[in-house]
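Numbered from 1 within each chain, the chains take letters A, B, ... in sequence-line order. Keep in mind the model is a prediction, meaning the values are calculated, not measured. Just so it is clear, the values below take in all heavy atoms, side chains as well, and ignore hydrogens, waters and symmetry mates.
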2 protein chains.
Amino acid sequence: MGTTLKPAGETRAADVLARMRADIISCTLKPGAKLRFEALREMYEVSFSTLREALSRLVAEGLVVAEGQRGFLVAPVSLFDLNDLTDVRVLVERQCIKLAIDRGDDRWEADIMASFHRMDRLQSRLGASYYLSDEWAALHGAFHFSLVTACGSPNLLEIRQKLFERAHRYRRMSSQFRPQWRAKDVEHKMIMDRVIARDTTMAQDLVDRHIRETTENVIAHASHLFAQGGLGDRSSGADPVAAE
Amino acid sequence: MGTTLKPAGETRAADVLARMRADIISCTLKPGAKLRFEALREMYEVSFSTLREALSRLVAEGLVVAEGQRGFLVAPVSLFDLNDLTDVRVLVERQCIKLAIDRGDDRWEADIMASFHRMDRLQSRLGASYYLSDEWAALHGAFHFSLVTACGSPNLLEIRQKLFERAHRYRRMSSQFRPQWRAKDVEHKMIMDRVIARDTTMAQDLVDRHIRETTENVIAHASHLFAQGGLGDRSSGADPVAAE
DNA sequence: AAGTTTGATTATTTCGAAAATCCGCATTAA
DNA sequence: TTAATGCGGATTTTCGAAATAATCAAACTT
């Protein structure tokens with residue numbers, strides 16, 4: 001612990017943003033919890049304005065919700081949100097995979113294999129409880145990212161990334177209850193093979209199933225932690241009118 | 001002009017956010033322009049912190065980009081971004097239409113017809129230059145929104161809305177050069193008819209073409225205003241690693 | 001002349017106090 | 001008892017000044 005030293009080049013707001021995002025995803029800040037400024041100011045050692053900036057960005061990322069002029073809340077989790085999130089992820093990820101296979105070059109293939117290898121090695125080293133490790137989660141994220149980088153669409157990738165992080169919070173919620181993750185590593189290898197073989201249809205279907213099965217696992221093991229009601233929040237439900 | 005009165009219930013930051021968003025979309029704040037705090041403070045009559053909050057949210061919406069610790073820029077426009085944005089919009093909008101047709105009820109149909117009627121009436125009243133009117137743009141946005149509200153996916157709708165607003169800026173850029181918009185009103189009616197007839201495939205294709213043709217129009221009339229280089233910005237190109 | 005350091009200027013980022021708002025509770029009236 | 005009103009404490013929101021970082025140009029060295 002001690003005083004956090006300067007984050008090397010980054011602005012302090014960006015540093016707080018990253019730390020808060022990690023804390024929300026890891027459920028150190030619990031879903032639905034009220035975020036009181038005084039407490040956060042102490043926790044992250046920054047001022048009101050800086051906090052407010054980080055909070056504002058997290059709102060746009062969907063990890064925090066703003067309640068009028070009554071402060072901020074960690075975005076609640078719910079069965080409805082998880083299912084919706086999963087459907088949108090499948091749509092986006094299928095398209096990313098398709099485009100990446102169409103457009104990817106040799107370097108892209110090499111990056112995928114390298115990313116898989118890093119993830120796979122750490123998995124072996126960590127043994128049965130690899131899925132609890134934040135380090136493994138990072139490599140897992142990097143592997144899935146490597147599959148789709150070559151899609152060539154910055155907009156799609158940015159949307160994908162935000163959805164992935166929100167889904168990661170759900171995965172994380174269930175991992176503490178799951179004694180061992182079933183053979184996800186085999187799935188990863190199969191996906192990699194089909195992607196590099198440029199088998200678009202099969203690769204898409206595998207990724208689709210990969211996402212949906214993970215969601216089913218979360219529901220089976222962690223849905224008892226979700227907010228009551230089923231269709232949780234109304235939150236930022238998109239405003240009908242655009243400008244002016 | 002004059003002093004802007006209290007925005008009735010809304011927080012001031014939210015008010016500034018809405019006004020800046022409108023100004024960016026209408027190109028009152030020009031694409032690529034540097035956003036200096038002192039100038040903005042005067043323009044919107046708020047303090048640094050409040051501005052910073054609005055700016056931060058706009059960054060997450062993709063209408064503003066943050067340059068390290070060198071301030072903020074209005075998000076640049078480019079041919080590459082427009083094409084990418086269009087492709088993503090088509091993907092999302094097709095799915096929204098499909099789901100809405102699957103799930104929409106009678107009230108949804110009625111809302112579509114009402115929205116169309118409002119847009120159509122204003123169009124007649126304004127005559128040839130309706131597309132220059134912000135009021136019409138709002139009703140146009142509301143009509144397209146009404147088509148997809150019933151899709152039942154808050155996440156998809158939120159993504160759609162942000163993409164729609166960014167596309168609106170491009171439409172707006174070209175409208176000043178276009179003496180008359182070709183029969184978009186006929187397209188809108190056709191789309192509405194196919195949606196209400198629950199003809200999913202045809203409705204999707206019409207919306208697809210509607211979006212792509214509009215983009216082609218923008219490219220034909222306004223691409224000379226775009227930033228040089230074609231593939232403009234690297235900006236917030238999604239970070240490979242998720243948490244921690 | 002080209003490139004580098006230095007220092008003054010400008011712009012951004014952070015801070016904590018002041019103002020505005022909300023929430024719970026007691027009091028009053030119906 | 002129930003609903004409405006007003007007060008006190010707690011929390012959020014806004015503000016502008018102080019600290020920090022970047023930019024630009026002139027002086028200096030190679």
Side-chain angles (χ1 to χ4, degrees), chain A residues 2-21 23-24 29-30 32-60 63-76 233-236, chain B residues 3-21 24 29-30 32-60 63-76 233-236:
Chain A
T3 53
T4 320
L5 300 181
K6 71 155 67 172
E10 274 191 353
T11 71
R12 183 159 314 198
D15 177 55
V16 173
L17 172 65
R19 284 196 284 154
M20 284 196 68
R21 179 162 42 214
D23 287 342
I24 290 172
L29 295 170
K30 297 198 177 62
K34 182 133 184 39
L35 294 167
R36 283 189 198 75
F37 276 86
E38 197 49 52
L40 293 175
R41 207 178 66 72
E42 222 172 272
M43 184 169 179
Y44 295 102
E45 298 179 323
V46 287
S47 67
F48 296 104
S49 323
T50 306
L51 270 176
R52 178 160 272 272
E53 175 173 350
L55 261 337
S56 297
R57 296 205 188 193
L58 288 168
V59 166
L63 290 171
V64 165
V65 298
E67 297 246 287
Q69 46 227 124
R70 291 188 301 232
F72 296 86
L73 248 61
V74 178
D233 56 344
R234 69 277 70 128
S235 73
S236 46
Chain B
T3 52
T4 320
L5 298 182
K6 72 154 69 171
E10 272 190 356
T11 158
R12 183 163 311 204
D15 177 54
V16 173
L17 172 65
R19 282 196 286 155
M20 285 196 68
R21 180 162 42 214
I24 290 173
L29 296 170
K30 297 199 176 60
K34 183 136 183 35
L35 293 167
R36 284 188 199 74
F37 277 84
E38 197 49 53
L40 293 176
R41 209 179 63 73
E42 222 173 272
M43 184 170 177
Y44 295 102
E45 299 180 323
V46 288
S47 67
F48 295 104
S49 324
T50 306
L51 269 177
R52 177 160 272 274
E53 176 173 349
L55 260 337
S56 297
R57 296 206 187 192
L58 287 168
V59 166
L63 291 170
V64 165
V65 299
E67 297 247 288
Q69 45 227 122
R70 291 189 301 236
F72 296 86
L73 248 62
V74 177
D233 58 343
R234 68 278 71 129
S235 71
S236 46

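For the pair B/Leu40 CG and C/dA11 P, the interatomic distance rounds to 12 Å; values are reported in whole Å. Here the P atom of nucleotide D/dA22 and the CZ atom of B/Arg36 are 17 Å apart, to the nearest Å. Distance A/Glu38 CD to D/dG9 C1': 15 Å, rounded to the nearest Å. Between B/Arg41 atom CZ and C/dA11 atom P the separation is 13 Å, expressed in whole Å.
Note on B/Lys34: a side-chain N or O is less than 4.0 Å away from OP1 or OP2 of C/dT12.
Partners of B/Glu42 by salt bridge (charged side-chain N to carboxylate O under 4.0 Å, His left out), not counting sequence neighbours: none found. For B/Leu29, the side chain to side chain contact (heavy atoms under 4.5 Å, CB included) partners at least two apart in sequence or on another chain are B/Met20, B/Asp23, B/Ile24, B/Leu35, B/Met43, B/Tyr44, B/Val74. For A/Arg41, the side chain to side chain contact (heavy atoms under 4.5 Å, CB included) criterion is met by A/Glu38, A/Phe48, A/Leu51, not counting sequence neighbours.
The NZ atom of A/Lys30 sits 14.0 Å away from the CG atom of A/Leu73 when rounded to the nearest 0.5 Å. Between A/Arg12 atom CZ and B/Gln69 atom CD the span is 12.0 Å, to the nearest 0.5 Å.
Contact annotation for A/Leu35: backbone-only contact, meaning every heavy-atom pair under 4.0 Å involves sugar-phosphate atoms and none involves a base.
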Every protein N/O within reach of nucleotides 13-15 of chain C N/O, cut-off under 3.5 Å:
| residue | atom | partner | partner atom | Å |
| --- | --- | --- | --- | --- |
| C/dT13 | OP1 | B/Gly68 | O | 3.3 |
| C/dT13 | OP2 | B/Arg52 | NH2 | 2.2 |
| C/dT13 | O5' | B/Arg52 | NH2 | 2.8 |
| C/dT14 | OP1 | A/Arg12 | N | 2.5 |
| C/dT14 | OP1 | A/Ala13 | N | 3.1 |
| C/dC15 | OP1 | A/Arg12 | NH1 | 3.2 |
| C/dC15 | OP2 | A/Ser47 | N | 3.2 |
| C/dC15 | OP2 | A/Ser47 | OG | 3.3 |
| C/dC15 | OP2 | A/Thr50 | OG1 | 3.3 |
| C/dC15 | N4 | A/Ser49 | OG | 2.7 |
| C/dC15 | N4 | B/Ser49 | OG | 3.4 |

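Side-chain contact between B/Leu40 and B/Leu55: present, with at least one pair of heavy atoms (C-beta onward) separated by less than 4.5 Å.
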